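Please read the structure below before turning to the comments.
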Amino acid sequence: MLPLEDVVVVDMTQNVAGPYAAMVLADLGANVTKLEPPAGDPTTTWGPPFWNGHSATYLALNRNKRRETVDVKLEEGRRRVFNLLEDADVLLVSNRPAALQRAGLDYERLHELFPRLIYAEITAFGHHGPRRSDPGYDPLMQAMGGIMSVTGHPGDEPVRVGTSIVDMGTGMWVAMGVMAALRMRERTGRGHRVTGALFETAVAWMTYHITSYWASGDVPHGWGSGTAMIAPYEAFPALDGWIVMAAGNDKLFEQLCRVLGRGDWIDSPEYRTNADRVRNRARLREEISQITRQATVAEWEVRLREAGIPGAPVADVAEVLQNPQLLSGDLIQAMGTASIPNFRSVGLPLTFDGRRPPLRTPPPGLDTSS
């Protein structure tokens, strides 16, 4: 049994944030109908890469859903949406308010017609402030929310986090909000409005950077692979790649000193405490790098593990997919389809009583063959 098996969701969202929220709910068992305009979800055209003619992005965000084409600009299309809402628990939307109002799908009208409906919306900025009517996209929000300012190396050009962290994060918050609203409905007997905002998600990811700024008055910046408040806690060069070493406390640093053959650092005034090491970060990083360049990533992995020091190679996607830890579980889910016989998907990173929610149906457009 999946936790949301008795929940019916109508998903009218497009692109990344909304479809990701709907997919989380679908993975948890919800019966999700994805309504797309005649032109389709824009992600169907995002590429290359395409997988046997299908957008990889669309495939990644839409498993375990059914799809219908509906034109809400037409009376027939609006009637179809209202018919679906008769039995729905949740409606997910991501259109701007004016477009929803023109189609008669704004919260005020639907709450009156369907008082038990959970109305969940993906917005750029919420419903307040001078930019409440503006559109929003992940890189814009990473820029405006400060994420780009703490990503990359000091002085380099701004760097976007290499995944749609704001879009997918907003989707996660909305999915969580929907589940909380369903729980509230059990007590109140009525539906609720759940609003996620891309900008607010971006700022929320910055929580400890913002608190650090309040505490010190210093504007945070990027530290490459490291972090502002711990050292050494970043990637170091090896003979054949990069190895992340995370000596997050004084005891781990002592162990690292022994592994590196620098026991003299343990009582050094420059490195004795984490605060000392943070203050002398640049020198420490250079000294460690001189040592790590003398052995391979695999050799450092073994040495660190034997000493109980957290460490990991910087892996590319192909290497991640060969990781024995990943291969030992069932996070990668497979289901043969007519057009992609070897279709695979990254499942939900949650288990219930040791069991992961399964890939029940492939993304719309892929007919199951096995």
Side-chain angles (χ1 to χ4, degrees), residues 9-28 30 32-37 39-51 54-67 69 90-97 99-100 120-126 131 134-145 147-148 151 159-179 194-206 317 331 333 343-350 359 361-366:
V9 177
V10 176
D11 172 24
M12 296 187 66
T13 65
Q14 301 178 52
N15 298 320
V16 177
Y20 189 73
M23 189 174 73
V24 171
L25 298 174
D27 284 359
L28 292 173
V32 177
T33 301
K34 178 175 172 61
L35 302 184
E36 296 184 4
D41 188 318
T43 58
T44 59
T45 66
W46 289 6
F50 296 100
W51 195 352
H54 300 273
S55 162
T57 303
Y58 182 85
L59 296 178
L61 299 169
N62 289 290
R63 63 176 176 263
N64 291 334
K65 305 176 188 178
R66 291 190 312 277
R67 178 177 63 187
T69 299
V90 180
L91 172 66
L92 282 169
V93 297
S94 59
N95 303 75
R96 281 191 271 179
L100 291 167
E121 53 193 352
I122 303 285
T123 70
F125 295 97
R131 303 200 63 170
D134 289 358
Y137 297 92
D138 186 274
L140 276 63
M141 300 306 173
Q142 289 200 30
M144 290 181 63
I147 293 174
M148 285 190 186
T151 305
V159 177
R160 172 183 176 270
V161 175
T163 191
S164 297
I165 189 171
V166 175
D167 281 340
M168 297 171 72
T170 305
M172 291 172 63
W173 280 116
V174 168
M176 192 185 307
V178 164
M179 288 182 275
V194 176
T195 304
L198 300 177
F199 176 67
E200 293 179 358
T201 295
V203 174
W205 285 135
M206 293 289 291
V317 171
L331 183 62
Q333 301 175 332
F343 177 73
R344 284 155 289 171
S345 187
V346 180
L348 201 66
L350 284 174
L359 172 59
T361 61
L366 302 184

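The structure displayed is predicted, hence computed values, not measured ones.
Checked against ring pair (Phe, Tyr, Trp, His ring centres under 6.0 Å), Phe343 has the following partners two or more places apart in sequence or in another chain: Trp51. Every residue two or more places apart in sequence or in another chain that forms a side chain to side chain donor-acceptor pair (under 3.5 Å) with Thr195 is listed here: Glu121. Residues meeting the ring pair (Phe, Tyr, Trp, His ring centres under 6.0 Å) test with Trp205, sequence neighbours left out: none. Looking at residues two or more places apart in sequence or on another chain, you find a ring pair (Phe, Tyr, Trp, His ring centres under 6.0 Å) between Phe199 and Phe125. Among residues two or more places apart in sequence or in another chain, the side chain to side chain donor-acceptor pair (under 3.5 Å) test is passed with Arg66 by Asn31, Thr33.
The structure places OG of Ser94 at 8.0 Å from CG of Asp11, a figure rounded to the nearest 0.5 Å. In this structure, the separation between CG on Leu348 and CG on Leu359 is 12.0 Å, given to the nearest 0.5 Å.
Formation of a donor-acceptor pair under 3.5 Å by the Asp41 side chain with backbone atoms of Asn15 is found in this model. Side-chain atoms of Lys34 never come within 3.5 Å of backbone atoms of Pro364 as a donor-acceptor pair (strictly under, hydrogens ignored). When atom types are taken as modelled, the side chain of Arg63 and the backbone of Val346 share a donor-acceptor pair closer than 3.5 angstrom.
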Fill in: Audit row: Leu92, Ile122, side-chain contact (heavy atoms from CB on, under 4.5 Å) steps and yes/no
CA-CA 8 Å; Leu92 282 169; Ile122 303 285; 5.7 Å; no

Discussion item. Let's go through Glu36 and Gln14 carefully: what are the C-alpha distance in whole Å and the side-chain angles of both, what is the deciding distance for side-chain contact (heavy atoms from CB on, under 4.5 Å) to 0.1 Å, and is it a yes or a no?
Written reply: CA-CA 8 Å; Glu36 296 184 4; Gln14 301 178 52; over 6 Å; no

Discussion item. Does Thr13 form a side-chain contact (heavy atoms from CB on, under 4.5 Å) with Tyr20? I'd like the steps, not just the answer.
Written reply: CA-CA 9 Å; Thr13 65; Tyr20 189 73; over 6 Å; no

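Taking each heavy atom of Gly145 and Ala202 in turn, the nearest pair found is CA-CB, 4.0 Å. Of all the heavy atoms in Gly126 and Ala197, the pair that sits closest is N-CB, 3.6 Å. When all heavy atoms of Trp46 and Pro42 are compared, the closest pair comes out as CD1-O, 3.2 Å. Among all heavy-atom pairs drawn from Val32 and Ala22, the shortest one is CG2-O, 3.9 Å. Taking each heavy atom of Met12 and Asn95 in turn, the nearest pair found is O-OD1, 4.0 Å. Pairing each heavy atom of Ala120 with each of Val174, the nearest pair is CB-CG1, 4.0 Å.
Counting non-hydrogen atoms of neighbouring residues, nucleotides and ligands closer than 6.0 angstrom, the CZ atom of Phe50 exceeds 12 such neighbours. Atom CE of Met206 has more than 12 heavy atoms from other residues, nucleotides or ligands within 6.0 Å.
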Donor-acceptor contacts, no H, no angles, side chain residues 160-171, under 3.5 Å, sequence neighbours left out:
residue, atom, partner, partner atom, Å
Arg160, NE, Asp138, OD1, 3.3
Arg160, NH2, Asp138, OD1, 3.3
Arg160, NH2, Ser164, OG, 3.2
Thr170, OG1, Val166, O, 2.7
Thr170, OG1, Thr201, OG1, 2.9

